Amino acid sequence: MQGTGLVPARFLTLIAHLVLVIVVFWTRDENVKMCLPEDYTSSDFNDKDIEMIVALSITLGLFAVEFIGFMGGVTMFMPFQALLSTAAHSGAAIALAYFLFDQWPCHWYWYIFGFCSAFPACMEIISIIGILCFRKGY
């Protein structure tokens with residue numbers, strides 16, 4: 001496993017996805033305005049803004065879970081987890097770049113969230129539980 005390069009690839013894709021989520025957070029106002037019709041009300045804006053804040057906050061929380069498992073060394077050298085995480089986060093980085101530059105609808109972020117943040121984080125949690133509960137003494 002040492003010579004495969006999955007560990008640095010996983011780290012770099014996690015960081016790339018994290019940076020893009022932070023950029024989406026900073027440019028949230030512009031993204032929310034692009035998701036609304038031209039004649040939107042302030043309550044429409046506030047509803048979409050809160051939706052984006054919730055989605056991005058949950059994403060950041062799931063990043064914390066993945067970084068704890070990865071940096072803690074629990075799942076750092078697991079090939080399946082590394083490949084899954086690398087694929088999901090590289091896909092998320094590409095999708096979020098399009099989300100920012102092509103001004104995709106706001107509800108599309110939930111698809112990116114589900115496939116590229118929630119799924120690898122759930123697998124990370126399952127891996128952490130599996131290692132900590134069923135492989136004691138190693």
Side-chain angles (χ1 to χ4, degrees):
M1 178 64 195
Q2 292 174 356
T4 63
L6 284 176
V7 174
R10 181 178 178 192
F11 178 75
L12 289 174
T13 56
L14 271 166
I15 295 298
H17 185 187
L18 178 63
V19 167
L20 282 166
V21 167
I22 291 170
V23 168
V24 171
F25 222 120
W26 282 342
T27 61
R28 189 182 72 249
D29 288 341
E30 291 83 16
N31 290 325
V32 169
K33 287 176 187 173
M34 290 298 135
C35 296
L36 295 170
E38 289 184 21
D39 56 344
Y40 65 89
T41 63
S42 63
S43 66
D44 292 337
F45 179 84
N46 289 337
D47 290 343
K48 281 290 182 187
D49 190 42
I50 290 172
E51 179 183 343
M52 286 300 292
I53 289 173
V54 167
L56 293 167
S57 299
I58 295 171
T59 302
L60 291 174
L62 293 177
F63 270 118
V65 169
E66 283 203 68
F67 273 117
I68 288 170
F70 178 69
M71 296 301 229
V74 179
T75 62
M76 184 178 284
F77 298 108
M78 293 180 66
F80 175 75
Q81 184 63 32
L83 189 61
L84 174 74
S85 182
T86 301
H89 292 295
S90 61
I94 294 167
L96 284 178
Y98 278 107
F99 182 82
L100 283 169
F101 295 121
D102 285 350
Q103 299 164 345
W104 284 355
C106 290
H107 68 276
W108 286 13
Y109 182 82
W110 288 106
Y111 295 109
I112 299 169
F113 167 80
F115 291 114
C116 302
S117 292
F119 181 63
C122 288
M123 294 303 294
E124 184 83 20
I125 292 169
I126 290 169
S127 297
I128 290 171
I129 290 171
I131 287 175
L132 296 179
C133 291
F134 301 119
R135 294 189 185 178
K136 289 188 177 187
Y138 288 103

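Nothing here was measured: the structure is a model prediction, and the numbers come from that model.
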Practice task
Starting from V65, walk the hydrophobic network (Ile, Leu, Val, Met, Phe, Trp, Tyr; side-chain heavy atoms closer than 4.5 Å) and list everyone else you reach, by chain and number.
Solution key: I125, I129
Problem - Counterpart residues, side chain to side chain contact (heavy atoms under 4.5 Å, CB included), relative to V74 (two or more places apart) - result: I128, I131
Fill in the blank from the handout: With sequence neighbours left out, the residues meeting side chain to side chain donor-acceptor pair (under 3.5 Å) with D44 are T41
Exercise for the section: Can you measure from CZ (F45) to CD1 (I50) and round to the nearest 0.5 angstrom? Expected result: 10.5 Å
Handout entry: Partner residues of A121 under the side chain to side chain contact (heavy atoms under 4.5 Å, CB included) criterion, sequence neighbours left out
Key = L62, E66
Handout entry: Gap separating the OG atom of S42 from the OH atom of Y40, nearest 0.5 angstrom
Key = 9.5 Å
Completion exercise
In short, side chain to side chain donor-acceptor pair (under 3.5 Å) pairs touching residues 51-64 with sequence neighbours left out are E51-W110, T59-Y109
Handout entry: Shared hydrophobic cluster for I58 and L20 (ILVMFWY, side-chain gaps under 4.5 Å)
Key = yes
Practice task
Scan for salt bridge (charged side-chain N to carboxylate O under 4.0 Å, His left out) pairs involving residues 76-97, sequence neighbours excluded, and state none if there are none.
Solution key: none
Handout entry: Separation between CG of L14 and CZ of F67, rounded to the nearest 0.5 Å
Key = 4.5 Å
Problem - Listed partners of C106 passing side chain to side chain contact (heavy atoms under 4.5 Å, CB included), at least two apart - result: C35, K48, M52
Problem - Those residues that, when tested against D39, pass side chain to side chain contact (heavy atoms under 4.5 Å, CB included) (two or more places apart) - result: P37
Completion exercise
Shortest non-hydrogen pair, A88 vs P120, comes out as CB-CG, 3.7 Å
Practice task
Quick one: do L100 and L96 satisfy side chain to side chain contact (heavy atoms under 4.5 Å, CB included)? Show the steps, please.
Solution key: CA-CA 6 Å; L100 283 169; L96 284 178; 5.6 Å; no
Problem - Cluster link V32 to W26, ILVMFWY, side chain under 4.5 Å - result: yes
Problem - Within one Ile-Leu-Val-Met-Phe-Trp-Tyr cluster: V24 and I53, side-chain cutoff 4.5 Å - result: no
Exercise for the section: Examine M34 and Y111 and state if one hydrophobic cluster contains both, with Ile, Leu, Val, Met, Phe, Trp and Tyr joined whenever side-chain heavy atoms are less than 4.5 Å apart. Expected result: no
Problem - Residues that, via side-chain heavy atoms closer than 4.5 angstrom, fall in one hydrophobic cluster with L84 - result: F80, F119, M123, I126
Practice task
Enumerate the residue pairs fulfilling salt bridge (charged side-chain N to carboxylate O under 4.0 Å, His left out) with a member in residues 5-25, sequence neighbours excluded, ordered by first and then second residue.
Solution key: R10-E124
Practice task
Scan residues 94-106 for pairs that pass side chain to side chain donor-acceptor pair (under 3.5 Å), counting only residues two or more places apart or in two chains.
Solution key: none
Handout entry: With sequence neighbours excluded, residues passing ring-ring contact (aromatic ring centres under 6.0 Å, His included) with F63
Key = H17, H89
Practice task
Could you tell me the separation between the OG atom of S43 and the CG atom of D49, rounded to the nearest 0.5 Å?
Solution key: 12.5 Å
Exercise for the section: Report yes or no: does S85 contribute a side-chain atom to a donor-acceptor pair with the main-chain N or O of Q81 at less than 3.5 Å? Expected result: no
Handout entry: ILVMFWY network linking F25 to V54, side-chain heavy atoms under 4.5 angstrom
Key = yes
Practice task
Evaluate the criterion side chain to side chain contact (heavy atoms under 4.5 Å, CB included) for residue pair I22 and L56; output intermediate values, then yes/no.
Solution key: CA-CA 8 Å; I22 291 170; L56 293 167; over 6 Å; no
Exercise for the section: Measure across T13 and T86 and return the closest heavy-atom pair with its distance rounded to 0.1 Å. Expected result: OG1-CA, 3.6 Å
